[in-house]
Chemist: 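Following this message is one structure expressed as structure tokens.
Letters A, B, ... are given to chains in the order of the sequence lines, protein chains preceding strands, and every chain is numbered from 1. For the numbers below, each heavy atom of this structure counts, side chains included, while hydrogens, waters and symmetry mates do not.
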Amino acid sequence: MPELPEVETVKETLKKIVLNKTIKEVKVYYEPMIVKPSPNEFISQLENQKIIDIKRKGKWLIFELDNYYLLSHLRMEGKYQVKDLNYPVNKHEHVSFVFDDFELRYVDTRKFGRMYLQNKETAFNESPLSDLGLEPWDNNLTKDYLKNKYKNKSLPIKTLLLDQSIITGIGNIYDDEILFASKINPFTKGRDLNDKQLESIITNTKIVLEKAIKKGGTTIRTYESSEGVHGRFQNELLVHTKEICPICGSKIVKTKINGRGTYYCEKCQK
DNA sequence: CAGGTCTCCTGCTAGC
DNA sequence: TGCTAGCAGGAGACCT
């Protein structure tokens, strides 16, 4: 599932393909994907808009257009693929952005992805972007910031790292990796974390995500590929989906925390 | 307010 | 072999 590093990779790849191109037409095949405005307005307002830039905040892709910001969240399986004009649409393609000489199709098997078309002036001050917390590299992400956010929390840190309103960009996979690198048990309640542990979480969040971005950046597949655009981080995982701890050799525990599959080493993560 | 539960959706897998 | 029930999961809605 695309988390911050994958979205970053997709963003950079898309820039090479659609920057400074003008959207001629938009086709929506699955309307619930368009949260705002109505699908009809979405289509008409995007017509003849040029893509000036592509940004990212958390897991949101942000296409900067002449008059709007187009927000796209890939959720579990969303991806973008380039297709020839009028190439037959398959059942998992839900939105198509038509350019002069190709179409950029949004593909999403589980249909969980969502798009918003926002006014440029207010986009960052309204939901969903305004609901997001700090990027991992934001200087305001400090031990004291986390201490304040976690002080009344009885929820496990595993769950809290997924809260996009505190730190944005972490998904279920990197969550496990960050806690493994920090040697913290995922069940630890937010309010019980000490200063050293909070510092460790901040440091390792940056390290893990930076490493993943570098990896994703080196393995972008060609856009024409049916694989779509994504990086390859699986080879780098130390604990998520693993069976043996690479540090101590113990059996990795696989459990569920608030409904999320969780992997950790009982011996290394206290 | 904090936290729990349900929902969306489809491909895959375990089990019979 | 073929079928189905159950599961996975990000984030918002809704309930307690």
Side-chain angles (χ1 to χ4, degrees), chain A residues 1-8 10-11 28-37 39 56-62 71-81 89-95 105-116 118 126-136 146-179 186-193 205 209 212 226-228 230 233-234 237 239-243 252-264:
Chain A
M1 57 244 53
E3 303 181 30
L4 188 154
E6 290 71 46
V7 178
E8 180 68 22
V10 170
K11 183 197 80 180
V28 175
Y29 305 109
Y30 181 71
E31 297 196 340
M33 196 137 280
I34 314 301
V35 179
K36 197 185 137 190
R56 177 194 60 72
K57 187 172 182 191
K59 303 178 197 173
W60 286 91
L61 270 176
I62 305 172
L71 315 184
S72 170
H73 197 303
L74 307 175
R75 289 285 184 90
M76 304 302 297
E77 307 193 1
K79 45 188 154 297
Y80 283 92
Q81 293 178 356
V89 177
N90 84 33
K91 65 174 178 177
H92 298 309
E93 297 174 349
H94 308 306
V95 181
R105 305 248 177 101
Y106 177 74
V107 186
D108 189 343
T109 310
R110 292 190 190 169
K111 299 179 174 171
F112 273 12
R114 292 293 179 264
M115 293 184 191
Y116 289 69
Q118 304 282 62
E126 64 186 312
S127 184
L129 295 185
S130 64
D131 300 332
L132 300 178
L134 301 177
E135 285 279 313
L146 282 188
K147 197 185 268 187
N148 185 252
K149 291 285 185 186
Y150 293 166
K151 65 184 177 191
N152 296 320
K153 301 287 189 184
S154 59
L155 287 172
I157 183 60
K158 162 78 184 195
T159 302
L160 292 171
L161 284 181
L162 292 172
D163 185 337
Q164 303 298 302
S165 73
I166 300 175
I167 303 174
T168 186
I170 300 170
N172 198 45
I173 294 172
Y174 293 120
D175 190 336
D176 284 356
E177 296 297 314
I178 289 164
L179 291 175
F187 285 99
T188 312
K189 291 174 170 40
R191 64 187 180 211
D192 292 340
L193 291 162
T205 295
L209 296 184
S226 61
E227 300 294 328
H230 56 256
F233 54 91
Q234 293 90 333
L237 300 179
V239 66
H240 192 85
T241 72
K242 300 297 174 185
E243 297 192 351
I252 294 294
V253 175
K254 183 184 180 187
T255 184
K256 266 197 176 208
I257 298 182
N258 277 31
R260 296 289 173 252
T262 301
Y263 295 79
Y264 73 106

Chemist: Are the side chain of A:His94 and the backbone of A:Asp108 linked by a donor-acceptor contact shorter than 3.5 Å?
Modeler: yes

Chemist: Pairs in or reaching into residues 253-262 of chain A: which pass salt bridge (charged side-chain N to carboxylate O under 4.0 Å, His left out), with residues at least two apart or in two chains?
Modeler: none

Chemist: Given the rule in the side chain to side chain contact (heavy atoms under 4.5 Å, CB included) test, do A:Ile257 and A:Phe187 qualify, once you have shown the distances and angles that lead to the verdict?
Modeler: CA-CA 8 Å; A:Ile257 298 182; A:Phe187 285 99; 3.6 Å; yes

Chemist: Between the protein and nucleotides 12-15 of chain C, list the N/O to N/O atom pairs that are separated by less than 3.5 angstrom.
Modeler:
none

Chemist: At a heavy-atom distance below 4.0 Å, which nucleotide of DNA chain B is the first touched by chain A, and which is the last?
Modeler: B:dG3 to B:dG11

Chemist: Just need the stems in DNA chain C: three or more back-to-back Watson-Crick or G-U pairs, each with both distances under 3.5 angstrom, sorted by first number.
Modeler: B:2-16 with C:2-16

Chemist: C:dG10 C1' sits how many Å from A:Met76 CE, rounded?
Modeler: 7 Å

Chemist: Among residues two or more places apart or on two chains, list those pairs meeting salt bridge (charged side-chain N to carboxylate O under 4.0 Å, His left out) that have a residue in residues 126-136 of chain A.
Modeler: A:Lys36-A:Glu126, A:Arg56-A:Glu135

Chemist: When you measure from every atom of DNA chain B, which of residues 257-264 of chain A have a heavy atom less than 4.0 Å away?
Modeler: A:Asn258

Chemist: Tell me whether A:Glu177 contacts the main-chain N or O of A:Val239 through its side chain, where contact means a donor paired with an acceptor under 3.5 Å.
Modeler: yes

Chemist: Return the set of residues passing side chain to side chain contact (heavy atoms under 4.5 Å, CB included) with A:Leu155 (not counting sequence neighbours), or none when no residue passes.
Modeler: A:Thr159, A:Leu160, A:Asn258

Chemist: Looking only at atom types and distance, does a side-chain atom of A:Gln81 sit under 3.5 Å from a main-chain N or O of A:Val107, one as donor and one as acceptor?
Modeler: no

Chemist: Which residues satisfy the side chain to side chain contact (heavy atoms under 4.5 Å, CB included) test with A:Asn152, sequence neighbours excluded?
Modeler: none

Chemist: Taking A:Lys147 for the side chain and A:Arg191 for the main chain, is one N or O donor matched with an acceptor at less than 3.5 Å?
Modeler: no

Chemist: Evaluate A:Ile166 against A:Tyr150 for side chain to side chain contact (heavy atoms under 4.5 Å, CB included), listing each step before the verdict.
Modeler: CA-CA 9 Å; A:Ile166 300 175; A:Tyr150 293 166; 3.8 Å; yes

Chemist: My understanding is that only residues two or more places apart in sequence, or in another chain, count here; which of them pass salt bridge (charged side-chain N to carboxylate O under 4.0 Å, His left out) with A:Asp176?
Modeler: A:Lys158

Chemist: Side chain of A:Asn172, backbone of A:Asp175: donor and acceptor closer than 3.5 Å?
Modeler: no

Chemist: I'd like to know if the side chain of A:Gln164 and the backbone of A:Gly169 have a donor-acceptor N/O pair within less than 3.5 Å.
Modeler: yes

Chemist: Salt bridge (charged side-chain N to carboxylate O under 4.0 Å, His left out) with A:Glu77: which residues, sequence neighbours excluded?
Modeler: A:Arg110

Chemist: Of all of residues 151-162 of chain A, which get a heavy atom below 4.0 angstrom from DNA chain B, listed by number?
Modeler: A:Asn152, A:Lys153, A:Ser154, A:Leu155

Chemist: Tell me whether the side-chain N/O atoms of A:Gln164 come closer than 4.0 Å to OP1 or OP2 in C:dA11.
Modeler: yes

Chemist: Figure out the CG/P separation between A:Asp163 and C:dA11, and round it to whole Å.
Modeler: 10 Å

Chemist: Counting only side-chain N and O atoms of A:Lys256, is one of them less than 4.0 Å from OP1 or OP2 of C:dG9?
Modeler: no

Chemist: Could you tell me which residues satisfy side chain to side chain contact (heavy atoms under 4.5 Å, CB included) with A:Pro32, sequence neighbours excluded, listed by chain and number?
Modeler: A:Tyr30

Chemist: Which whole-number value in Å describes the distance from A:Ile170 CD1 to C:dG9 P?
Modeler: 16 Å

